[in-house]
Amino acid sequence: MQTPSRTELPLAAGSSGCGCCSSEARPVPPAETGVEYGVEGLTCGGCVAGVEKAVLSLGGVESAAVELVPGGVSRLVITGPAELSAVRVAVASAGYSLAGS
């Protein structure tokens, strides 16, 4: 019996993270429309979703979007009123930290 050949897919140049999802950049609203924070420790789309969900649960937050920088400081943009301390706690509850904290 002969084993069928398989096609190996190349890894994307510069790929990093856990491999469960894409680290492709997503559009993020300009900083002028919200408050911008740096977030450390994110590596993949799952990390991004966790931070966005945690921040969106804060009262008054209208939107939260993360621009992923795997292995660096990702950009979190929030629209709507949110206290820095509440944002810090929300990000920490997702397992990450604000840059400089």
Side-chain angles (χ1 to χ4, degrees):
M1 183 166 123
Q2 189 175 18
T3 304
S5 64
R6 297 186 325 191
T7 302
E8 300 256 345
L9 298 175
L11 293 175
S15 66
S16 64
C18 64
C20 67
C21 41
S22 172
S23 61
E24 293 293 318
R26 296 179 355 187
V28 175
E32 298 84 52
T33 63
V35 179
E36 183 177 329
Y37 302 93
V39 182
E40 299 175 322
L42 286 81
T43 60
C44 70
C47 302
V48 168
V51 169
E52 289 175 346
K53 181 179 178 181
V55 173
L56 284 169
S57 72
L58 298 174
V61 171
E62 297 166 7
S63 70
V66 175
E67 179 183 354
L68 178 63
V69 178
V73 177
S74 298
R75 185 176 136 207
L76 167 63
V77 178
I78 300 172
T79 60
E83 294 292 324
L84 172 60
S85 60
V87 172
R88 183 176 287 119
V89 168
V91 170
S93 74
Y96 307 97
S97 62
L98 293 181
S101 294

side-chain contact (heavy atoms from CB on, under 4.5 Å) against A99, all qualifying residues, sequence neighbours excluded: E40, V73

Hydrophobic cluster membership, with links at side-chain heavy-atom distances under 4.5 Å among I/L/V/M/F/W/Y: are [X] and [Y] in one?
| X | Y | value |
| --- | --- | --- |
| V91 | V69 | no |
| V35 | V87 | yes |
| L56 | V89 | no |

Heavy-atom side-chain proximity of S74 to L76 below 4.5 angstrom: no

Atom of [X], atom of [Y] and distance for their closest heavy-atom approach:
| X | Y | result |
| --- | --- | --- |
| G41 | Y96 | O-CE2, 3.5 Å |
| A94 | G50 | CB-O, 3.7 Å |
| A64 | V55 | CB-CG1, 3.8 Å |
| G34 | V77 | CA-CG1, 4.3 Å |

S63 backbone acceptor or donor facing T79 side chain under 3.5 Å: yes

Atom pair CD1/CD of I78 and E62 - distance to nearest 0.5 Å: 11.5 Å

Chi angles and distances behind the side chain to side chain contact (heavy atoms under 4.5 Å, CB included) call for V39, V66: CA-CA 9 Å; V39 182; V66 175; 5.7 Å; no

